[in-house]
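Please read these numbers as outputs of a predicted model, since none were measured by experiment. Below, read A as the first sequence line, B as the second, and so on, with proteins coming before strands; counting in each chain starts at 1.
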2 protein chains.
Amino acid sequence: MTKHSISIKDIAEATGLSITTVSRVLSGKAKQYRIGKQSQEKVREAAQKLHYVPNHFAANLRTGRSGTLALIIPSLNNPFFAGIASEINTELRKFNYITIISDSDENVETEKMELLQLTARNIEGLIIVPCGDQWQHIREIQDQGIPVVCIDRYFEDLDIPYVSTDNYEGAYKATRHLIENGHSRITCIQGVQTSTPNRLRVNGFTDAMKEAGFDSENIAGDDFTFQNGYLETKLLLQQKVRPTAIFTLSNTIAMGCVKALKEEQINVPNEISLITFDDHPYLDYLSTPLSCIAQPVSDISKIAVKFLLSKIQNKDISTSQVLLKPSMKLRDSIRKIN
Amino acid sequence: MTKHSISIKDIAEATGLSITTVSRVLSGKAKQYRIGKQSQEKVREAAQKLHYVPNHFAANLRTGRSGTLALIIPSLNNPFFAGIASEINTELRKFNYITIISDSDENVETEKMELLQLTARNIEGLIIVPCGDQWQHIREIQDQGIPVVCIDRYFEDLDIPYVSTDNYEGAYKATRHLIENGHSRITCIQGVQTSTPNRLRVNGFTDAMKEAGFDSENIAGDDFTFQNGYLETKLLLQQKVRPTAIFTLSNTIAMGCVKALKEEQINVPNEISLITFDDHPYLDYLSTPLSCIAQPVSDISKIAVKFLLSKIQNKDISTSQVLLKPSMKLRDSIRKIN
DNA sequence: GCGAAATGCACAAACGTTTGTGCTTTGTTT
DNA sequence: AAACAAAGCACAAACGTTTGTGCATTTCGC
């Protein structure tokens, strides 16, 4: 019904003050520009009564600041990323920012498109879980003066800030745990090989295996997907000598693996032990509750937000790079063998 | 590095054409305003070379159209809603809209705050899963001329369009299925009582029970949460006469229920059968794969988008209200008893 | 070749804010 | 009472687009 949404001009007319004054009161600059108490009161009252809603577009056109931050993740359907999104969304709201969440669908081209769209909307900062090994377009954003923070996946040796898990240690710990339980034929099902986290996780795995004097070459797969986990496990089970344990490098891979194991009627952990990267509430209720390396999702998100905001405010361009310690959650998916 | 992001003015200078012409070419109005082929070419070339990125703020200030739609859901952490969000996000991108996803955290006040924020950003439409039984603020948005579509949860007898599942039928079917398998002592664990879907689901349950001549009063709980499912199941198990089957009205409730059953070492389905509303990939891999009433999430999302877009384009204010048929997915959580 | 129609483009206003600057009024100091 | 500082406010430009209108120039029918 409201034909024309009301502007500060309307408030100016209603109060008999100037547009300037109204703007200054409403944007909290009253003190700075010495607007009298009474005028302030009048303005606020009128704004209330007229249901004034500021037009961000006009304000942002003028100031260049959009009050909008962007979050790009590979997939909202992945509970791990959904968790991050939720956390970051609520965290940023506390600081009066609105977050535009984009789903790159694990596709670098989509990621680039999104990024273009987002810059057109003058985002003031970006938190991104890059979905490929390309970083030029991300770096470009940063070079345009827009603060960027990578989370989960990141690029080593680049001056883009990141906060992630100590993937090497997580994988090393998981592998050690399997070894300590008597396993020596362990297969690792990995994700995208070019991604840093995957590389580090694989390193953790192979180092632990080598240290123990075991074959560290049993690495299969090439994608952080359900399908990959499923297929690779299927293949694995057709070998003459099966592994005694599988280490999957993500929750999606793990679920595919579980599906394959179930289809082949392999009992976990009696026939094959299983441990995975990433935690999820559901893991507790699977037919065999799955042991895992849990990433500190909440901390990662909060620190990423902190980095981003401090960069936005201080224009502090020092590169901050942090790795948080993962924790191991033991459930019932690992059997001790002699 | 790029000191000052380049505008159509820069392109105008580069090409020797006027700002007007550049604008018209770039916004696809070249034909309409009879801009010559050559000029068009020059403009596009320059835009390319200068890496022109349009400033939405300016454009939107002028046109009033923001290219932004909003989606409000109760929780990104709920895979059911995350799925909807993902679907809608990608669907809307196809139409060159950007979606702002907001998480109301199952809190009406937050929902209202979000909505206010969003109107300030001139959203052109809203898809919402309302988290309470309050509708005034939503209705207000619609009255402002902004198309609104409710999904999943909605308000009966109101002229706000919605697309959801036929909750009554889903619940009725689930209950019938239990009854046909010999169950008569069935407890239903419900969610928020004031919500329409919950009410209809309960109706479906009680109608099926009454029809069969069974006690239809065994309804517990009051929240769509894990905790509620957990607690109510715990209480349930302390009764002298336990139900032979449980019907949970959401995936979150189901998981809480599963946790409680597991703690009390109740075997599903041997001791108690279980069926739930909402599907999820994980359900297949639980210790007992859970039978469920699956909602057509993808269809719901797509139809909602369709409604919204048609309303935006045609300013068609006819109220569209649709209920889609749910499907029953049988897994291994229901035991046939004599 | 003449008038009319079609083609190709530019002027300038407008969208709703923010903000540097400057004008008036009031208060304070001597 | 003169001089000056502080308080309180308004003017007007600017942000980067879009768009109604109008002025040239070309094309065409005859």
Side-chain angles (χ1 to χ4, degrees), chain A residues 2-44 46-47 50-68 119-124, chain B residues 2-44 46-47 50-68 119-124:
Chain A
T2 327
K3 187 76 194 170
H4 142 90
S5 76
I6 64 107
S7 72
I8 55 172
K9 189 171 169 187
D10 300 307
I11 300 186
E13 281 168 9
T15 56
L17 292 166
S18 78
I19 292 184
T20 306
T21 302
V22 173
S23 168
R24 285 181 166 140
V25 171
L26 259 24
S27 55
K29 305 242 172 63
K31 204 139 293 169
Q32 182 183 341
Y33 287 101
R34 305 173 314 237
I35 309 298
K37 292 282 176 204
Q38 299 201 13
S39 301
Q40 292 191 38
E41 205 40 56
K42 279 205 288 187
V43 167
R44 271 188 256 276
L50 298 177
H51 294 112
Y52 170 69
V53 173
N55 181 331
H56 275 236
F57 287 116
N60 299 334
L61 177 55
R62 181 62 231 258
T63 61
R65 307 194 317 97
S66 67
T68 306
T119 54
R121 281 158 200 266
N122 284 7
I123 52 165
E124 291 181 49
Chain B
T2 327
K3 187 75 196 170
H4 141 90
S5 77
I6 64 105
S7 72
I8 55 172
K9 189 172 168 188
D10 299 307
I11 299 186
E13 282 168 8
T15 57
L17 293 165
S18 78
I19 292 183
T20 306
T21 303
V22 173
S23 167
R24 286 180 165 140
V25 171
L26 260 23
S27 55
K29 306 241 172 65
K31 205 140 291 170
Q32 182 183 343
Y33 285 104
R34 305 175 314 236
I35 308 298
K37 293 280 176 205
Q38 298 201 13
S39 300
Q40 291 190 38
E41 205 40 56
K42 279 205 291 188
V43 167
R44 271 189 255 277
L50 298 177
H51 293 112
Y52 171 69
V53 173
N55 181 330
H56 276 235
F57 287 117
N60 299 334
L61 175 57
R62 181 61 231 259
T63 61
R65 308 194 316 98
S66 66
T68 306
T119 54
R121 280 159 201 265
N122 283 7
I123 52 165
E124 290 180 49

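K31(A) has its NZ atom 12 Å from the P atom of dG8(D), to the nearest Å. One can place NZ of K42(B) at 9 Å from P of dA10(C), the figure rounded to the nearest angstrom. Rounded to whole angstrom, the span from the CG atom of L26(A) across to the P atom of dG16(C) amounts to 15 Å. At whole-Å resolution of the value, CZ in R121(B) and P in dT17(C) are 14 Å apart. One interatomic measurement links the two molecules: CZ of F57(A) to C1' of dG16(D), which rounds to 13 Å at whole-angstrom precision. Between the C1' atom of dG16(C) and the CG atom of N60(B) lies a distance of 13 Å, rounded to the nearest Å. The CG atom of N122(A) sits 10 Å away from the P atom of dT17(D) (whole-angstrom rounding). Taking atom CD of residue E41(A) and atom P of nucleotide dC9(D), one finds them 13 Å apart after rounding to whole Å.
At least one side-chain nitrogen or oxygen of S18(A) sits closer than 4.0 Å to the OP1 or OP2 atom of dA10(D). A close approach under 4.0 Å does not occur between any side-chain nitrogen or oxygen of S23(A) and OP1 or OP2 of dT17(C). A sub-4.0 Å separation between OP1 or OP2 of dA10(C) and a side-chain N or O of T21(B) is present. For dG20(D), one of the phosphate oxygens OP1 or OP2 lies less than 4.0 angstrom from a side-chain nitrogen or oxygen of Y33(B).
The main-chain N or O of A30(B) is never found under 3.5 Å from a side-chain atom of Q40(B) such that the two would form a donor-acceptor pair. No donor-acceptor distance shorter than 3.5 angstrom exists from the side chain of S23(B) to the backbone of I19(B), with no hydrogens or angles considered. Although no hydrogens or angles enter the test, the distance criterion places no donor-acceptor pair under 3.5 Å between the side chain of T21(A) and the main chain of L17(A). In terms of modelled atom types and a separation under 3.5 Å, the side chain of T15(A) and the main chain of I11(A) share a donor-acceptor contact. Side-chain atoms of S66(B) come within 3.5 Å of backbone atoms of N122(B) as a donor-acceptor pair (strictly under, hydrogens ignored).
The side chain of R24(B) approaches dG20(D) more closely than any other nucleotide in the set dT17(C), dG20(D), dC9(D). Closest to the L17(A) side chain, of the nucleotides dA10(D), dG16(C), dC9(C), is dA10(D). Comparing dG16(D), dT7(C), dG22(C) by their nearest atom to the side chain of S7(B) picks out dG16(D). Picking from dC9(D), dG16(D), dT19(C) the nucleotide with the shortest atom distance to the side chain of R34(A) gives dC9(D). Closest to the N55(A) side chain, of the nucleotides dG16(D), dT17(C), dG22(C), is dT17(C).
In this structure, the side chains of T68(A) and E124(A) stay at 4.5 Å or more apart for every pair of heavy atoms.
When heavy atoms are screened at a 4.0 angstrom cut-off, T20(A) is found touching base atoms of the nucleic acid.
In this structure, Q40(B) and L61(B) both approach DNA chain C, and ranking their closest nucleotides by distance from the 5' end singles out Q40(B). Take the nearest nucleotide of DNA chain D for G36(A) and for K9(B): the residue whose nucleotide is more 5' is G36(A). The nearest heavy atom of DNA chain D to Q32(B) and to P54(B) marks one nucleotide each, and the one closer to the 5' end goes with P54(B).
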